[in-house]
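The structure appears right after this line, and notes come after that.
In the text below, chain A, chain B and the rest are named by the order of the sequence lines, each starting its count at 1.
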Amino acid sequence: MASMAQAIRLALHYAEDHLGVTDVLGEDVGLPLGGVFTATQGLKTAWNSPLDERGIIGCAIGLALAGQRPVAEIQFCDYIYNTIDLLKLAGNTCWASNGDWNVPMVVRTPVGSGIRGSIYHSHSFDATMTHIPGWKIVMPSTPLDAYGLLLSACQDRNPVMVLEPKALLRMKGEELIPGEPGDDRVLSKMIDAPLGDRMQWKPQWPDVQAYTVPIGQGKLVRPGTDLTVVSYGRTLPLSVKAAQALESEGISAEVIDLRSLWPYDWEMIRESVKKTGRALYVNEDTEVTNFGEHLVRRTVEELFYELLAPPRLLAGKFLPGIGLADPLEMASVPQLPDVTEAMRALAREQP
Amino acid sequence: MASMAQAIRLALHYAEDHLGVTDVLGEDVGLPLGGVFTATQGLKTAWNSPLDERGIIGCAIGLALAGQRPVAEIQFCDYIYNTIDLLKLAGNTCWASNGDWNVPMVVRTPVGSGIRGSIYHSHSFDATMTHIPGWKIVMPSTPLDAYGLLLSACQDRNPVMVLEPKALLRMKGEELIPGEPGDDRVLSKMIDAPLGDRMQWKPQWPDVQAYTVPIGQGKLVRPGTDLTVVSYGRTLPLSVKAAQALESEGISAEVIDLRSLWPYDWEMIRESVKKTGRALYVNEDTEVTNFGEHLVRRTVEELFYELLAPPRLLAGKFLPGIGLADPLEMASVPQLPDVTEAMRALAREQP
Amino acid sequence: MRGRPTLVKEPLPLDSKLLVRMHELMVEARVLEERLIQMYRQGHGYFWIGGPGEEAFNVPLGLLMKKGQGLDFDYLHGHYRQSGTVLALGEDPIGALRQMKSTATDPYSGGRNFASHFSKREWNIVPISSPIEVQYAMAPGTALAQRRHGGEGITIVTGGDAGTAEGDFATCLVWSSRPGSELPILIVVTHNQWGISTAACTQQGCKIIADRGKAFGIQTRTIDGNDPIASYLELQKAMGYVRKERKPFLLEANVSRLYGHSSASGANFVTAEQDCIVEFEKKLEAHGVLTRAEMDQVRARWSEEIAAKARQVRDEPLPEASTIWKHIYAEDR
Amino acid sequence: MRGRPTLVKEPLPLDSKLLVRMHELMVEARVLEERLIQMYRQGHGYFWIGGPGEEAFNVPLGLLMKKGQGLDFDYLHGHYRQSGTVLALGEDPIGALRQMKSTATDPYSGGRNFASHFSKREWNIVPISSPIEVQYAMAPGTALAQRRHGGEGITIVTGGDAGTAEGDFATCLVWSSRPGSELPILIVVTHNQWGISTAACTQQGCKIIADRGKAFGIQTRTIDGNDPIASYLELQKAMGYVRKERKPFLLEANVSRLYGHSSASGANFVTAEQDCIVEFEKKLEAHGVLTRAEMDQVRARWSEEIAAKARQVRDEPLPEASTIWKHIYAEDR
Ligand SMILES: Cc1ncc(C[n+]2csc(CCOP(=O)(O)OP(=O)(O)O)c2C)c(N)n1
Ligand SMILES: Cc1ncc(C[n+]2csc(CCOP(=O)(O)OP(=O)(O)O)c2C)c(N)n1
Ligand SMILES: [Mg+2]
Ligand SMILES: [Mg+2]
């Protein structure tokens with residue numbers, strides 16, 4: 001099964017061939033590297049940009065205004081913070097021009113911890129991004145969702161931010177992408193660039209098919225009755241694992257993979273929380289002015305009287321960075337024991 | 001009584017003379033203008049910078065590292081969004097160097113709506129800023145608090161962000177700044193730059209005195225028993241007015257001026273909400289991933305079982321901008337009737 | 001009584017029909033701006049900013065643009081002093097009045113944005129936004145699309161002198177001159193010596209802004225933007241180069257700022273700066289292209305016409321509060 | 001058997017004691033970096049990035065710096081290839097090993113930051129941070145304080161070639177050259193022709209990066225940063241100018257990148273690029289400054305010494321989890 005990085009590559013290939021993607025631009029996305037996470041290897045429209053994030057986002061906006069379909073990459077979301085004004089501009093251009101112009105661009109950027117990235121390769125971007133109006137924002141936790149969400153993003157008439165959880169980029173999926181060969185080694189031979197000189201290498205693309213995950217649709221990953229866990233990205237598989245572990249303690253947790261952060265599937269959350277009366281939101285961004293706090297707010301706003309316990313947030317500590325040493329990273333962002341414990345505590349909480 | 005703009009000027013003057021402030025830098029802060037809101041007129045260390053916000057924040061960091069005490073101005077917070085990475089850097093330098101370096105800088109920037117600023121002179125910055133660790137963040141709603149908070153900011157060994165509510169900059173206070181002459185016309189003659197040629201003009205500074213508002217301390221502006229309203233900046237006086245109006249309906253609202261957004265006076269909020277059982281958070285930043293949502297989260301996290309109704313947030317609509325036309329601005333951010341209605345509804349809410 | 005001025009013999013280097021047209025548009029633009037200022041003064045608008053003093057450059061720019069939608073035509077990434085260009089493209093001045101008044105009919109933003117924040121997709125006029133210099137970061141995008149597309153369409157980006165201190169100006173130079181990927185882009189700086197209250201000479205170690213292009217191998221030129229004839233000829237050359245060679249050109253135009261920065265600084269007429277229309281009219285008169293009386297008539301005609309439009313706009317409704325929810329996203333088609 | 005090389009007669013332009021010292025430090029830096037790479041390979045660190053290939057430039061830079069704390073001394077706003085400079089200032093290499101291993105004893109970040117992210121307030125070494133080019137935006141701040149303070153202290157900022165595409169590089173040029181407020185700052189670009197996998201020639205329309213200073217009236221120079229003697233002499237001149245004239249100088253040094261970008265790209269030795277130590281050793285030998293045997297000894301000595309330090313570091317503890325809460329704020333004093 002394809003890894004998430006391979007799934008992204010396949011999606012972009014499909015989007016180049018079928019959805020009119022004209023440019024995959026960013027630092028080191030073209031030859032010879034094909035992206036620091038290999039996500040853009042072999043793509044025919046990939047080209048290396050100058051080392052200038054403002055230029056990358058600016059150029060993508062310009063391309064989009066000119067009717068192209070750019071997919072821009074910011075190498076790590078840690079380096080996107082000098083472009084927030086431009087992201088806001090991309091998000092307000094349609095509104096500011098009263099609908100005259102639209103900006104059909106996609107930005108992809110790896111986010112989060114899990115690869116020992118230290119202070120500047122561990123940032124999360126969901127809190128900052130969900131505060132910027134005019135964008136759609138997605139964050140897959142499986143290769144197939146990455147594929148399906150990217151295909152949706154590349155067809156949207158609005159700017160779409162794709163947050164790619166670094167920790168999951170190399171993880172293989174459990175579902176085949178339509179058209180993907182069943183054998184991983186075969187897939188790798190076809191689309192992974194060889195070591196050494198790649199300038200002559202050409203990928204052999206499998207005939208992948210259209211498959212879209214509509215933006216705004218969550219996924220009920222695991223049904224349950226005692227509490228609702230809503231997560232996305234790196235912490236989603238942890239939530240599933242924790243739910244599995246807690247089964248033996250008689251705790252039945254329902255787990256929702258939000259997948260789209262904006263717009264998001266409130267319907268799915270609401271139905272679940274109405275059923276369980278307990279909600280835990282899990283993400284790894286720092287916990288002050290965090291998107292999970294928005295979800296907590298909405299939960300109390302609309303479901304207060306149906307709650308059996310306060311909705312909880314488990315998120316990253318409010319620290320200036322994630323330290324490199326193992327004990328530091330482990331203590332800074334939610335790990336499996338933290339998720340398990342938070343779920344257990346909420347399930348058992350009594351007034 | 002001094003206006004908030006005058007109070008800021010007096011504070012910076014005091015800080016130049018007594019607290020070691022070395023540089024008041026920013027676009028048009030020096031001669032001849034003294035700031036687009038007149039807040040830096042007549043200051044001896046004020047100097048005009050190039051039109052480059054990244055340069056302003058970068059230079060201020062460098063000055064602070066070199067042992068100076070810079071106070072940087074970003075002309076409108078709408079134009080600070082290309083410097084978020086640098087703000088993050090200022091906030092993480094002490095932590096990243098394990099305490100070796102500190103960054104004693106102050107950044108001042110006008111925020112919010114209320115002057116018909118349209119899309120790019122109406123932004124709020126409290127949500128974005130409270131998500132950046134390592135900073136202290138204050139936002140006065142009266143001239144005296146502006147004075148006292150600035151004096152604290154200029155003595156802090158850490159970066160401090162001062163958010164100045166545009167709508168209140170020209171409002172006069174109800175309390176004298178220590179040393180301020182009682183007569184407004186006298187004060188104006190002394191410290192307001194004349195129209196016309198100012199190159200030769202020198203202010204005559206009143207002998208203002210030390211007065212600090214400690215960072216982290218809220219102010220209980222109005223005691224009450226039925227609900228707690230926590231606000232800051234432009235919406236604080238609206239909350240007070242609404243509370244006064246609701247008195248006649250038999251609703252007794254306690255109003256807290258948070259003043260410091262980070263760290264903030266949780267103690268004060270907690271005691272109040274414990275007493276009233278109802279909490280309304282009011283600000284004008286856009287409402288998704290909003291700092292008020294953090295306060296809501298903390299409220300349910302710690303006080304859930306003492307609440308009589310869900311804590312509520314009244315904030316700006318999640319829109320790409322604030323439109324210029326009157327009906328648009330009015331509909332986009334909380335106005336007096338909105339605050340009054342939100343308070344009334346919360347006070348009357350029954351399960 | 002002043003006599004008829006002696007006619008200068010040597011002919012002007014532009015066709016007199018064109019000169020008359022340029023004059024007409026410059027006056028139209030000036031009258032429009034003066035009306036906008038008046039509207040501000042009378043409370044029919046919250047804020048004024050605009051282009052009086054830049055007509056001699058902006059009008060020729062508009063006349064020389066290839067107007068239309070899509071890659072075969074010119075893209076304009078302008079800033080808030082661009083009225084002369086937009087009028088020269090053929091825009092009805094009523095749009096600017098409507099935007100000033102924030103009416104629902106405002107064709108550029110539906111009452112949302114400040115005056116002089118034009119936007120017109122039909123003519124490749126990218127929405128003008130208030131933040132200084134961001135247009136320089138975006139312009140390489142449309143230019144890149146045009147490079148790929150071929151043809152003669154080019155991208156034009158404009159901004160002020162003080163703004164070149166923002167990194168985005170450098171971004172534009174870097175992205176426009178990548179070896180083998182040079183872009184068909186005309187990079188314009190209108191140099192009026194000011195950034196709000198801050199004099200250029202106190203901030204700019206770079207005396208000639210156009211020189212910043214040289215290290216990148218970009219063709220550069222600094223011109224007298226107060227002279228519409230020089231502007232026309234220089235723009236023609238520069239745009240011709242960009243169109244044909246498909247390479248960047250950096251053009252710095254020295255201009256005036258005739259009503260100060262904006263209404264925030266009073267919007268009063270500044271007598272110390274050269275007025276391009278006065279100078280041009282002297283020249284037109286001296287060369288017998290137009291008489292004083294004819295020129296007075298042009299101004300009177302525009303004053304009347306624009307006053308009438310302003311009256312029309314006065315009664316137009318503001319946008320409904322509920323419209324804030326419109327166009328956050330472009331709908332699917 | 002290779003015979004003793006013929007001695008070159010004409011003397012080298014630097015004192016031989018200095019040459020021996022420079023060689024010593026260059027070897028120390030190289031051995032340190034090779035040890036760091038080895039630690040990465042053996043799992044004693046998560047990530048390596050560093051300066052092998054830049055020793056010929058970085059060592060003279062460190063030797064010529066005025067070392068100390070405060071405005072009278074030089075500030076260094078470096079980047080992640082600065083080990084040669086830091087060692088030349090007299091730093092014990094064990095600090096770099098500790099940072100590589102993320103131990104609690106890491107003197108630069110307490111186990112928080114990546115390798116080669118030095119910080120030492122005592123010597124005005126501003127914390128190196130990972131984002132490319134932000135140091136160019138901050139450096140004018142320390143330089144401005146020094147301009148005001150007077151004396152001979154200057155600010156030095158360094159970064160790579162690809163990074164000059166960020167607007168912050170332009171910001172540095174703008175802020176350093178304000179008329180009447182010129183800053184005492186040495187702006188360095190180490191040009192290794194690469195930004196990770198991207199070749200400079202594919203991105204830089206600006207063939208000579210130093211030329212970007214010219215429009216700002218900044219003195220500029222492009223030098224062979226692989227030659228420690230040339231580097232020393234050129235740095236001496238440039239730093240002397242900045243110290244005395246209190247004006248900016250932009251110095252571009254062509255250097256090699258001998259182990260690729262970082263451990264992310266394998267950290268393998270690149271044979272195609274010039275190795276400054278090999279070249280320097282040839283010269284030292286040819287001029288009779290050091291013999292092959294002496295130089296081999298230098299390397300052996302450092303290899304041993306640094307290996308011993310690495311063994312020492314191996315057993316040092318990692319920071320405690322609870323330390324994450326330390327130093328978010330500087331405590332009041
Ligand atoms: C990013 C940003 N910073 C600050 C401002 C406020 N501002 C508006 S115009 C202006 C001066 C612009 O000067 P210049 O670029 O020379 O253009 P001019 O107005 O002189 O035509 C400033 C500082 C802004 N609009 N955008
Ligand atoms: C703002 C930012 N963008 C991207 C990166 C990722 N990155 C690290 S090093 C590098 C290349 C730097 O090239 P150059 O400036 O030439 O320095 P060199 O590594 O060649 O010395 C990139 C893109 C980063 N660290 N910071
Ligand atoms: Mg100007
Ligand atoms: Mg390089």
Neighbour count above 12 (heavy atom, 6.0 Å) for D:K66 NZ:
yes
Less than 4.5 Å apart, side chain to side chain, heavy atoms only: is that true for C:R212 and D:F216?
yes
Under 4.5 Å from any heavy atom of chain C, what part of D:Q203 do you find: side chain, backbone, both or neither?
both
Would you mind telling me which of D:G205, D:A170, D:S181 has the largest number of heavy-atom pairs within less than 4.5 Å of chain C?
D:G205
Scanning both residues in full, the closest heavy-atom pair of D:A165 with C:V174 reads CB-CG1, 4.0 Å
Let me confirm one number: the CZ-OG1 distance from C:R178 to D:T202, rounded to the nearest 0.5 Å.
7.0 Å
Interface check, chain C: of D:C206, D:G217, D:P179, most non-hydrogen pairs under 4.5 Å belong to D:P179
